[in-house]
Amino acid sequence: MLGIVCLCYRNVVKAYPVSGGSYVVSRENFGYSVAQIPGAALLCSYTLTVAVSVAAGVDAVVSAFPGIGIPPTVLAVLFVVLLTFGNLRGIREAGRVFAVPTYWFIASMGVLILTGVVRLALDGHLPRATHAAGQLHVGPAGPGLLLGASVFIFLRGFANGGSAMTGMEAISNAVSVFRQPQVRNARTTLVLMASTIGILFLAVSALAALTHAIPFVSGTPTVLSEIGHLAFGCSAMGRVAFYSLQFSTALILILGANTSFNGFPLLVSFIARDSFLPRRLTARGHRLVYSDGILLLAILSIALLVVTRANVASLIPLYATTVFTGFTIAGAGMFKYHLRRNEPDRTRGLVVNGLAAATSGVG
């Protein structure tokens, strides 16, 4: 699914190099009315990105410091307020600031994966998590593909995992912020991001299976922190590696919410120009940012965090629905785009985008 969606959005960026993603694709191919479907889905997706990313970042902090004593909801709201203040001050263009935690996280994950591989090679197995109160009850082990898990749990896991692909839409919505040549750089970034997500996702899934790490109902400690504890051990170096993993995870998740503060104001400005939202949302503030869009996003995401008590498990199912809606319409729109054109890569475009629409719709 990740590979198909990546190829689809490479076509989106090439065909529509302006910011807007699936909203622009559907508007140009299906009309203004149909475009409001992915538009609404994307606005919800951006809002949920802030809530989910910040809530997950808070879970990483609480997993590292279980006795912190501050309610997760309070921490989450505080982080959203800080992000809002920073974006109103115009920091959203400071890409280098957000690059540091990204490289730190990838390096920490690389150390985790390498440690797991080395311990597996030397010992033949990894330490296994022990049963503890508060863990999710999956069900008795059984034969077959699902190994005792219900179809509902399997499908929910697929949908929740699919929500990690929302970055595809984010890049197509922000082509204008890339350096020249914008289209080539955006398409390259899509491939690099998809490859990184795929490798890390598979690695964490394999480590979770080998260590028998089981999620907790409360969300903490996280599965990643469980794996880190088991793989790194209790030595001094192991503790350093564990806290590095947790800090980098928290940073990349919380700062990852900034993606929405880039994309949401731009998208609402497009929809407002098409007269489907108040025209006020097209106005820029004194630092040339869409201040009203930023404030609207902050209010909505804080409301979600308060209502769900910053519980990732309560937010993710909503997130998956909005993400796949955008992917489905983008694929269908690009299928129609290639259907109307007699270009050398027409057949390839029809296959890739038709497959993306079909699989995303089923997902």
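In what follows, residues are counted from 1 in the order of the sequence shown.
- The side chain to side chain contact (heavy atoms under 4.5 Å, CB included) with T84 is formed by just one residue from the set V80, N87, V81; it is V80.
- Among all heavy-atom pairs drawn from S301 and T47, the shortest one is N-CG2, 3.7 Å.
- What you find for V24 and Y16 is that their closest heavy atoms are CG1-CD2, 4.0 Å.
- Of the possible donor and acceptor atoms, none in the side chain of S45 sits under 3.5 Å from a partner among the backbone N and O of A41.
- A heavy-atom distance below 4.5 Å is not found between the side chains of L304 and V52.
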Taking it one step at a time, do L245 and L224 satisfy side-chain contact (heavy atoms from CB on, under 4.5 Å)?
CA-CA 9 Å; L245 175 66; L224 189 58; 4.2 Å; yes

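- In terms of hydrophobic clustering, with Ile, Leu, Val, Met, Phe, Trp and Tyr side chains grouped at heavy-atom distances under 4.5 Å, L122 and L114 are assigned to a common cluster.
- In this structure, L43 CG and I271 CD1 are separated by 4.5 Å, a value rounded to the nearest 0.5 Å.
- Between the side chain of R341 and the backbone N or O of R346 there is no donor-acceptor pair closer than 3.5 Å.
- Checking side-chain atoms of D274 against main-chain N and O of F276 turns up no donor-acceptor pair under 3.5 Å.
- Taking CD1 of I106 as the reference point, atom OG1 of T102 lies at 6.5 Å (rounded to 0.5 Å).
- Both I252 and V111 are members of a single hydrophobic cluster when ILVMFWY side chains are connected at heavy-atom separations under 4.5 Å.
- Enclosure of atom CZ in R348 is not indicated, since only 12 or fewer non-hydrogen atoms of other residues, nucleotides or ligands lie within 6.0 angstrom.
- Residues L305 and T73 approach most closely at O-CG2, 3.9 Å, considering heavy atoms.
- Using modelled atom types, no side-chain atom of S244 and backbone atom of V240 make a donor-acceptor pair closer than 3.5 Å.
- Separation of atoms CD (Q246) and OG (S108) is listed at 9.5 Å; rounding is to 0.5 Å.
- Partners of S205 according to the side-chain contact (heavy atoms from CB on, under 4.5 Å) rule, which considers only residues two or more places apart in sequence or in another chain, are F201.
- For the atom pair OG1 of T249 and CD1 of I254, the computed distance is 10.5 Å after rounding to the nearest 0.5 Å.
- Between N11 and M334, the shortest heavy-atom distance links the atoms O-CE, 3.6 Å.
- When all heavy atoms of H212 and A129 are compared, the pair lying nearest together is O-CB, 3.7 Å.
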Decide yes or no on side-chain contact (heavy atoms from CB on, under 4.5 Å) for L255 and F105, but give the supporting numbers first.
CA-CA 12 Å; L255 293 180; F105 172 74; over 6 Å; no

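- When hydrophobic clusters are built by joining Ile, Leu, Val, Met, Phe, Trp and Tyr residues whose side-chain heavy atoms come closer than 4.5 Å, directly or via intermediates, I227 is grouped together with V61.
- Formation of a donor-acceptor pair under 3.5 Å by the S260 side chain with backbone atoms of Y46 is found in this model.
- The number of heavy-atom neighbours closer than 6.0 Å to CZ of R128, taken from other residues, nucleotides and ligands shown, is 12 or below.
- Transitive grouping of hydrophobic side chains (ILVMFWY, heavy atoms separated by less than 4.5 Å) brings I197 and F327 into a common cluster.
- Contact check for L88 versus L295: side-chain heavy atoms found under the 4.5 Å cut-off.
- The CG atom of N258 sits 11.5 Å away from the OG1 atom of T49 when rounded to the nearest 0.5 Å.
- Side chain of Q36 to backbone of Y32: a donor-acceptor contact under 3.5 angstrom is found.
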Apply side-chain contact (heavy atoms from CB on, under 4.5 Å) to residues R119 and F232 and explain how you reach the verdict.
CA-CA 10 Å; R119 295 196 66 172; F232 292 135; over 6 Å; no

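- In this structure, L7 is not a member of the same hydrophobic cluster as V5, with clusters built from ILVMFWY side-chain heavy atoms closer than 4.5 Å.
- A donor-acceptor pair under 3.5 Å is formed between the side chain of S26 and the backbone N or O of Y23.
- L251 approaches P101 most closely through the heavy-atom pair CB-CB, 3.8 Å.
- Between T220 and P66, every side-chain heavy-atom pair lies at or beyond the 4.5 Å cut-off.
- The shortest side-chain heavy-atom distance between N185 and Q182 does not fall under the 4.5 Å cut-off.
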Between R239 and H229, does the side-chain contact (heavy atoms from CB on, under 4.5 Å) criterion hold? Intermediate values first, please.
CA-CA 8 Å; R239 299 301 293 173; H229 264 304; 3.0 Å; yes

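- With contacts defined as side-chain heavy-atom distances shorter than 4.5 Å, the pair T196/M193 does not qualify.
- The side-chain contact (heavy atoms from CB on, under 4.5 Å) test applied to F247 returns F65, W104, Y243, not counting sequence neighbours.
- Atom-to-atom distance recorded for F335:CZ and L355:CG is 11.0 Å, nearest 0.5 angstrom.
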